[in-house]
Amino acid sequence: MSLKIHNTLTRKKELFVPLDPSHVRLYACGPTVYDHAHIGNARPVVVFDVLARLLRRLYPRVTYVRNITDIDDKINERARERGVSIAEVTEEPTRIYRQDMLAIGALPPDQEPRATEFIAQMIAMTERLIEKGHAYEAEGHVLFNVPSMADYGGLSRRNRKDLIDGARVEVAPYKRDPADFVMWKPSDDDTPGWDSPWGYGRPGWHIECSAMSREYLGETFDIHAGGLDLIFPHHENEIAQSRCCFGTDIMAKYWMHNGYVTVEGEKMSKSLGNFYTVHDLLEEWPGEVIRYALLAGHYRAPLDYSKQGLSEAKSALDRLYQALRNTDELESEPVVSDAVLAALSDDLNTPLAISRLHEMASTLNKSPNAATKSNLIGSAELLGLLGDDPEDWFKRGSSDGDLDDAGIEALIVARATARQTKDFAEADRIRDELLTAGIALEDGSGATTWKRAR
RNA sequence: GGCCCGGUGGCAGAGUGGCUAUGCAGAGGACUGCAAAUCCUUGUACGUCGGUUCGAUUCCGGCCCGGGCCUCCA
């Protein structure tokens, strides 16, 4: 099965041909850790987790690198406010981030480098760029000289003139060219920094990804992924640094970018206070629901994240799990269906893939068979879904009352007795009592099963 | 101003030059003591104006509307 992906470099869907089929290399930009990850941070994590799962299925060896940015001026600001080190600022958000991403079904990447661990490599690259005439030192800064790269701007399709015309910020006086960007900047005594050939300072934003991808994936690699908003300037500048430093024609062969997430129809913003953090959402929803809602739309399209969307994701997952629960007795080994593989292989069409899962669930409900069940489980696994035991899926969560499982079972037995004696008033009373406590009953052909209803 | 995306039925959301998306919600039915779950049936679509075509929601162009980026941002 051939994989096609949309390449931002060409703005076209292309056949994926790895640089080295025996080892596919993928890099995704991770978060800056100064706060809990919001749902917008989670989207690329989930989307490219599916990509990594797919690549692992298609190729013998995959290295997936997802970095953590733990040095940045927002972090510095937090540290200053609290009077603590940046390590102390980033420790907790990093821990929570890892925990939350795991909770929404994202497998840990093969490498999860943190920027502060690669300062030496960043300095080395910066020195080399100066030697090659692509960067220069000015007033304690090191800047990348954009005019030194003939084809700068290829990813974002921007030329130097556009950049200067569109500039909203005043050009720093020490820049040789208005489009030049910072690779290293000086730190004062209150700001974290490292010793460098240009004095005490800290790296610019873009150089970290150039250095870390080089470290783990080499000078060129297959896929570089991230959010749409990173195309410019972040990825454009990474490309400039890496290519000029290593003298390559490409940095990554394919660039993939996910669309924005809005919340309840509005752009997330701190001032409106309308951003959802994954951590908060997990208080209210299973991680899988959060994941499903992120995969319900195509990754390149904008996605509106809403409570209603989460609720629909929950209903949809209930349906899928119900099909598994209904066929509990069937043995099944996970097998990926061709239809799902084809959907995902077409530029990660997760909505289509999910619709295939629903079709399998329908088939299963209509005519239970082990093959379809195997397909459903195996295909869902490729999407990072349906990993729960169906019974656990329906029974977990908290009920309003103080009923435990044994108490519920006891009431079900009492109701069964009432039903046997045709005392339906009593039977319905017990059912209503349970429903009030958040427990819904289902009288199957054999026994009565129950589930927690939100 | 420059660059780039979209506009599909009540909602979400795929896709295709002529044939059912899928899910949720709605209506009717089957099953059930009644429900639930499940199954069956079912209504409402492709922004607008032109063009290409035997035929366009699908290709091309104009227009309208919405969104993103233009050095904080997934």
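A, B, ... follow the sequence lines: proteins, then strands. Residue 1 opens every chain.
Within the 3.5 Å criterion, the main-chain N or O of A:His206 finds no donor-acceptor partner in the side chain of A:Asn237.
By the side-chain hydrogen bond (donor to acceptor under 3.5 Å, both in side chains) test, A:Thr327 pairs with no residue at all, sequence neighbours left out. Residues passing the side-chain hydrogen bond (donor to acceptor under 3.5 Å, both in side chains) test with A:Arg176: none are found, sequence neighbours excluded.
Because its NZ or CZ atom is both nearer than 6.0 Å to the ring centre of A:Phe232 and within 45° of the ring axis, A:Arg158 counts as a cation-pi partner of that residue. A cation-pi contact, defined as under 6.0 Å to the ring centre and within 45° of the axis, links A:Lys307 to A:Tyr276.
Checking each of A:Asp423, A:Asp428, A:Asp432, A:Asp443 against A:Arg415 for a salt bridge (charged side-chain N to carboxylate O under 4.0 Å, His left out) leaves exactly one that passes, namely A:Asp443.
Separating the C1' atom of B:A35 from that of B:U44 is a span of 30 Å, rounded to the nearest Å. Rounded to whole Å, the P atom of B:C65 lies 23 Å from the corresponding atom of B:U57. The same atom, P, is picked in B:C31 and in B:C46; the two are 38 Å apart, to the nearest Å. Across B:C49 and B:C64, the matching P atoms stand 15 Å from one another, rounded to whole Å. The C1' atoms of B:C5 and B:G10 are separated by 26 Å, rounded to the nearest whole Å. Nucleotides B:U22 and B:G15, compared at atom P, are 15 Å apart to the nearest Å. Separating the P atom of B:C60 from that of B:G18 is a span of 15 Å, rounded to the nearest Å. B:G26 and B:C19 have their C1' atoms separated by 27 Å, with the value rounded to a whole Å.
B:C69 atom C1' lies 12 Å from atom CG of A:Leu155, rounded to whole Å. Residue A:His234 contributes atom NE2, which lies 17 Å from atom C1' of B:C70 at whole-angstrom precision. Per the geometry, CG belonging to A:Leu357 stands 19 Å off P belonging to B:A21, to the nearest Å. Atom P of nucleotide B:G6 and atom CG of A:Asp304 are separated by 18 Å, given to the nearest angstrom. One interatomic measurement links the two molecules: CZ of A:Arg158 to C1' of B:C69, which rounds to 5 Å at whole-angstrom precision. Atom-to-atom, CD of A:Glu77 to C1' of B:C73 comes out at 14 Å; the value is rounded to the nearest Å. Atom CD in A:Glu266 sits roughly 12 Å away from atom P in B:G67 (whole-Å rounding). For the pair A:Arg11 CZ and B:C4 P, the computed distance is 7 Å after rounding to whole Å.
Between A:Asp388 and A:Arg396 there is a salt bridge, since at least one side-chain N of the basic residue sits less than 4.0 Å from a carboxylate O of the acidic one.
Listed candidates were B:A74, B:A21, B:U71. Nearest to the side chain of A:Asp229 is B:A74. Between B:C72, B:C24, B:A21, one nucleotide has an atom nearer to the side chain of A:Glu312 than all others, and that is B:C24. When distances run from any side-chain atom of A:Phe232 to the nucleotides B:C69, B:A14, B:G23, the shortest one goes to B:C69. Of the candidate nucleotides B:A74, B:G23, B:C73, B:G23 has the atom nearest to the side chain of A:His358.
A 3.5 Å limit on both hydrogen-bonding distances identifies B:C70 as the Watson-Crick or G-U partner of B:G1. Pair assignment for B:A27 gives B:U41, based on Watson-Crick or G-U wobble hydrogen-bonding distances that are each under 3.5 Å. Using N1 to N3 plus N6-O4 or O6-N4 for Watson-Crick, or N1-O2 and O6-N3 for G-U wobble, each under 3.5 Å, B:C63 pairs with B:G47.
Two residues, A:Tyr292 and A:Asp180, neighbour RNA chain B, and the one matched to the more 5' nucleotide by heavy-atom proximity is A:Tyr292.
In this pair, A:Phe16 and A:Tyr254 present their aromatic rings tilted. The plane angle is within the 30 to 60° band. In this structure, A:His358 and A:Tyr292 have perpendicular ring planes: the angle between them is above 60°, well past the 30° mark.
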Once base and sugar-phosphate atoms are separated, protein heavy atoms under 4.0 Å mark nucleotides 33-46 of chain B, 5' to 3', with B, S and - as BBBBSSSS------
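Contact annotation: A:Tyr260 reaches the phosphate of B:C69 (side-chain N/O to OP1 or OP2, under 4.0 Å).
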